[in-house]
Structure formats: structure tokens, C-alpha cells
Amino acid sequence: MAETERSERRLKPAPLLFEPAEAASDPEHFFGLESMDDPRELLSRSTELALAFRAATDRAVEFQAVAAAQLADPRRFDRLTPADVAARAEWTEDYAKKMIEFGRDLIRGGGAPEDE
């Protein structure tokens with residue numbers, strides 16, 4: 001992935017704010033969207049949230065990949081096999097192998113999440 005694409009993808013289009021416990025306990029409450037009357041405002045804010053959640057998901061997956069690669073690093077005396085990584089993350093072994101390789105690519109390429 002080109003560096004500019006990676007940088008663009010990491011922009012947070014909307015802040016993900018934690019909601020108060022009483023609001024989170026209400027299943028109808030979601031970041032105040034349910035109380036918006038203006039459909040233009042609702043579309044705008046819900047789009048911002050959707051983009052922010054996608055960016056957060058992409059970022060979290062990169063951290064998963066780096067952690068998987070670190071856990072499977074053959075230089076570690078306590079390294080895990082791909083099957084062990086899969087069991088910990090509740091992945092299939094094939095997916096774990098792909099994530100380990102993706103994490104190694106991120107680490108090698110200097111694009112690992114902790115490098116930022």
C-alpha cells in the first residue's frame with residue numbers, strides 16, 4: 001500500500017467519543033443520532049461515524065497483525081505457532097498465517113502502527 005494511501009486511511013473523520021453509561025445502557029441511544037430531527041444533519045453525522053468506525057477497524061486490524069507477527073517471531077524463545085495465534089485470536093489457522101505475514105510486512109516496511 002502506498003504511503004499516501006496509508007496516511008489518508010488513518011485520518012479520523014469524526015471523533016469517537018465514549019458515551020455516558022446511562023446513555024450506553026439505552027439500546028435506542030447511539031451517539032445522539034436518535035435525537036436528530038434534520039435528515040441532512042443525521043446523514044452527515046452518521047456518515048462521519050461510519051467513516052470513523054471503518055478507520056478505527058483498519059487501525060485495530062493492523063495492530064492485530066503486528067501483535068500476531070511479534071508473537072510468532074522465530075527469534076522469541078516463547079514464540080507461538082500460527083495455530084496458537086489462531087486459537088488466541090479466535091481465527092482460523094490460515095487467517096492467522098495471513099495476519100502474521102501482514103504484520104511482518106508492516107514491521108519490515110516501517111508502517112507498523114507503533115512507528116507513528
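Ile100 CD1 to Gln64 CD: the interatomic distance, rounded to the nearest 0.5 Å, is 12.0 Å. Taking OG1 of Thr92 as the start and NZ of Lys97 as the end, the distance is 9.5 Å to the nearest 0.5 Å. Separating the CD atom in Glu62 from the CG atom in Asp105 is a distance of 11.5 Å, to the nearest 0.5 Å. One distance of note links CZ of Phe102 with OH of Tyr95; it measures 8.5 Å at 0.5 Å rounding.
The salt bridge (charged side-chain N to carboxylate O under 4.0 Å, His left out) test applied to Asp38 returns Arg40, not counting sequence neighbours. Taking Asp37 as the reference, nothing meets the salt bridge (charged side-chain N to carboxylate O under 4.0 Å, His left out) condition, with sequence neighbours excluded.
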With a 3.5 Å cut-off and sequence neighbours excluded, list the donor-acceptor pairs that the side chains of residues 78-86 form with protein atoms.
from, atom 1, to, atom 2, distance (Å)
Asp78, OD1, Arg76, NE, 3.1
Asp78, OD1, Arg76, NH2, 3.2
Asp78, OD2, Arg76, NH2, 3.2
Arg79, NH1, Pro74, O, 2.9
Arg79, NH1, Arg76, O, 3.4
Thr81, OG1, Ala83, N, 3.4
Thr81, OG1, Asp84, N, 3.0
Thr81, OG1, Asp84, OD2, 3.1
Asp84, OD2, Thr81, N, 3.3

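Using a 4.0 Å cut-off between charged nitrogen and carboxylate oxygen, Lys98 and Glu93 do not count as a salt-bridge pair.
Under a hydrophobic-cluster definition in which Ile, Leu, Val, Met, Phe, Trp and Tyr are linked whenever side-chain heavy atoms come within less than 4.5 Å, directly or via other members, Leu42 and Phe30 are assigned to the same cluster. The cluster map of Ile, Leu, Val, Met, Phe, Trp and Tyr, joined by side-chain heavy atoms under 4.5 Å apart, puts Phe53 and Leu43 in different clusters.
In plain terms, the two heavy atoms of Leu49 and Leu33 that are nearest each other are CD1-CD1, 3.8 Å. Minimum interatomic distance between Trp91 and Ala68 (heavy atoms only, all atoms of both residues): CZ3-CB, 4.1 Å.
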